[in-house]
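In what follows, chains carry the letters A, B, and so on, assigned in the order in which the sequence lines appear, proteins first and then strands, with residues in each chain numbered from 1. Bear in mind the structure is a predicted one, so any value in this text is a computation, not a measurement.
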Amino acid sequence: MELTDFSKPTRQSSKGILVIFALNSYKFIRNFFGLFLVYGLSISKNKSLAFLSTTHITLIILSIFIVILVLAILKFRNFKFYLDTDEFHLSTGIINKDTTIIPKSKIQNVYVKQNFIQQLINVVSLNIETAGDDKAEIEINALDRETALDLKQQLFSKNHLVDLELDEKQMQTTVFFKASVKRLLLEGLSQSHIQSFLIIVSFVFGLYSEFGKYVQDLNLEDRLESSVEFETGNILNFILANLLIVALAILISMLFSVIKTFVSNYNLEVIENEDTIEINKGLFNKVSLTLTPAKIQNLVIKTNRLKRYLGLHTLSIKQAMVNKKQQKNFKIVALEKDQVSHLVQKFFKDYNDEGVYQKPDRYYKRLLMWRSIGIGALVNIPAFFVFGAYFWLINFISITWIVLFVHYTYKKASYQITDTYLTITSGFIDRLRNISELHKIQSVELKQSIFQKQKNIASVYIATASEQVKIPYIKEHDARSIYDYLLFKIESQDKNWM
Amino acid sequence: MFTNQQIDLETLPTIDDIVFKPISKRYLKIIVLNRSLFYSLLFSALIIAKFMVEAVNFHLVFWYVLWGVVLVCIIDVVITVLAFKKRKYAIREQDVIYSKGLLVNSISAVPISRIQHLEISRSWLARKFNLATLKIFTAGESGIDLSIDGLNYDEAKQINDFLSGKVNGTN
């Protein structure tokens, strides 16, 4: 395989103009959408601004787009990058010239993305992210897939002159996992639909508050009422109608979850290389990520009872990064149990699932109980206003909930500290397992309230560069020795955390 | 040479042995000044409202509200003053430790090798009292960052220099 030479300043593919143009036009339209709406309304009412004729408007819009196009071309012309042995250089800016230099060793992530427009004209964008702040993020908008992959590989390789070695590594690439349609469907169906439901509800409310007036004009309420026929006063009808609404809500939420799962995980593929893992996925926004074990701060394995039964596990890979939106891409869904263990072992070599897990003190259970009883008691107040005299019936639901919540949350909480790894499990419906390497810990904190002090209980908070985890409510003596042990482990090893 | 001795957990350096150093007493004055400013604003707002608002309901509850605020104020000030004694720090060979809080006590430790950057910040009041706040940042947003208030300015500078020297030395 011949590698592209990036040692001379290069521009991206000339299709980049189109991508930049489309992106800027989209941004422009989104920013001035409100203005257009106001303008459109005022035209329809023939009030102000009517002195502008249609030709004028067309001309104005046309000139705006020409300006955007010219800017896109200039931006493209001034966007140059090159790579030397250990640094990536980028110069940008039309009037204010910016030069960004990133040492290869500081690069956290390189990922290849392809949005809808880029899919149409067959280019990809390459993002380079460091652990620093947002501004250090670089996006190259338009590269051929081949070139992008080359660049990515060269960014990761210590020395891009050693081509032979790279070739050898290429040979050992295997497709480790491919999510079938059936598994993705199951994954979508077994998701927590509450979240989807909330998204839909907020979306509908958002729409309603924008276009409420028009909806009112349609007399929707009258129609709804007449179709459900409240007048009959038949209690059976009333229950049926409510059940129908609930069933519809569940169905729509499920559909939404399934579609969401498919759109973001379409063609999910995990590729195993010599010492990295590659994830490819996405329908409208195709992403391709390379994961290096050294940069991974935490691994989170998530499943629940139903999913475990179906053999579905989600592995989230947490790295030190600023872009929260990207974080959700670092996730592999629909994995079998042994596939998860295989991947975990790929990232954390000496990790094994076995070993004894320690439990938090029973104080944690009591605390959970008192907290949820407090919330349960408060629920009575709104219930009184909604249901009137029958408000106390709600306590049947909340007591069941509290019992289940306290029991399962306590049951699932545990922790394990070995020579090199820290594992913490938690969750109520979901079962979460958070694994991190001891030498990647950034800081430790011991917390204890005045009541816990009397009972000799304390919690330990442990932060890595990507997440903060908590060992909840253990004996103070244990907490202190964990604290000392972790600090000793961090400080006595001369390992880098990234 | 590589060794792999078994570690006796009992002999590890422990936080129980640390002799913490309290922060400057002058910082209590700053806290008290800040609090009194806040509560005097609150009280004056209440008293102005007493003369301006004409709604009867307001006057019915006014005294309850006033005494409620007085109670909260007293409790808050007492707790703050007591909690002041809990603010203390220690610098070991390998890490910086800061402990604070009365109702919820926390002891945070940042290993020196994990420090990303350091910052000394001084508010207007702090400059008047010749005090400074030393902020110690680790990588990642979610990290536990230390912010040691009420250090003598010279001391803060000294610690800052010591730590940055060590951070740069180890890198």
key: Plane angle bin for B:Y27 and B:F84 - parallel if under 30°, tilted between 30 and 60°, otherwise perpendicular   = parallel
request  = Please confirm whether the backbone N or O of A:T85 pairs with a side-chain atom of A:K104, one donor and one acceptor, at under 3.5 Å?
outcome  = yes
query = Checking B:E93 against chain A: side chain, backbone, both or neither under 4.5 Å from a heavy atom?
reply = neither
ask   = Picking from B:V104, B:I107, B:L146, which has the most non-hydrogen pairs under 4.5 angstrom with chain A?
value = B:I107
query = Hey, which of B:I97, B:L102, B:D16 has the most heavy atom pairs under 4.5 Å with chain A?
reply =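 Option with the top pair count is B:D16.
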query = Any chance the side chains of A:T464 and A:N298 put a donor and an acceptor closer than 3.5 Å?
reply = yes
query = Regarding A:Y364 and A:T409, is there a side-chain donor-to-acceptor distance under 3.5 Å anywhere?
reply =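 There is no such pair (donor and acceptor under 3.5 Å, judged by atom type) between the side chains of A:Y364 and A:T409.
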Less than 4.5 Å to any heavy atom of chain B: does that hold for the side chain of [X], its backbone, both, or neither?
X: A:I441; result: backbone
X: A:Y461; result: both
X: A:L487; result: side chain

request  = Using a strict 4.0 Å threshold on nitrogen-to-oxygen distance, state whether A:K489 and A:D419 make a salt bridge.
outcome  = yes
